[in-house]
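Structure, as structure tokens:
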Amino acid sequence: RTTPLSSEAVEILGNWASKQMVPADFVFPGRSGARLNNIKSAWSALRAACGLNEIRFKDLRHHAASAMVEAGVPLIAVRDILGHASIETTAKFYAGVSEKIHRDAVETITKRLAG
């Protein structure tokens with residue numbers, strides 16, 4: 001599965017890769033230079049270095065998806081980016097975020113009409 005990256009992320013990763021001492025076919029190669037199959041030890045070391053031991057990798061995914069929904073990205077697009085098989089799965093996790101957006105929208109228009 002392919003996950004899209006923002007132009008800013010592509011630029012940051014490109015700059016980082018160009019500064020590596022050993023050229024590689026991958027931005028984050030495994031120890032032998034081949035494809036990285038497991039990020040557990042690297043993720044654990046990064047969390048420890050940052051003092052964020054309670055953060056799980058899937059928390060980053062959930063935060064990104066919630067931010068997309070809060071920004072008004074349609075649930076279908078969020079589903080596709082996350083790789084969920086059905087819109088029901090996406091809605092189950094992010095409908096609460098979407099409902100808040102809808103409530104805020106109704107409040108906004110109510111205030112505008114009243115004012």
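Residues take their numbers from the sequence shown, with the count starting at 1.
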Exercise. With side chain to side chain contact (heavy atoms under 4.5 Å, CB included) as the test, would you mind laying out the steps for L13 and V10 before giving the verdict?
Key: CA-CA 5 Å; L13 291 173; V10 170; over 6 Å; no
Grab the two heavy atoms, one from [X] and one from [Y], that are nearest each other, plus how far apart they are.
X	Y	answer
T90	R79	OG1-CB, 3.2 Å
A65	V78	CB-CG1, 4.1 Å
M68	I81	SD-CD1, 3.8 Å

Euclidean distance, [Y] [atom2] relative to [X] [atom1], rounded to 0.5 Å:
X	Y	atom1	atom2	result
I39	F57	CD1	CZ	4.0 Å
N38	W43	CG	CH2	13.5 Å
D104	I109	CG	CD1	13.5 Å
T2	D80	OG1	CG	12.5 Å
D59	L52	CG	CG	10.5 Å

**Prompt:** Has E54 got more than 12 heavy atoms of other residues, nucleotides or ligands less than 6.0 Å from its CD?
**Reply:** yes
| said: Checking the side chain of R61 only, and the main-chain atoms of L82 only, is there a donor and an acceptor separated by less than 3.5 Å? | reply: yes
R47 side chain to I55 main-chain N or O, any donor-acceptor pair under 3.5 Å?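 Checking the backbone N and O of I55 against the side chain of R47, a donor-acceptor pair under 3.5 Å is found.
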If two hydrophobic side chains count as joined below 4.5 Å and joins carry through other members, does L113 share a cluster with V106?
-> no
Does the plane of the ring in H84 sit parallel, tilted or perpendicular to the ring in F93? Use 30° and 60° as the thresholds.
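Judged by the thresholds at 30° and 60°, the geometry between H84 and F93 is tilted.
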Step by step, work out the side-chain hydrogen bond (donor to acceptor under 3.5 Å, both in side chains) result for S44 and S41.
CA-CA 5 Å; S44 293; S41 60; over 6 Å; no
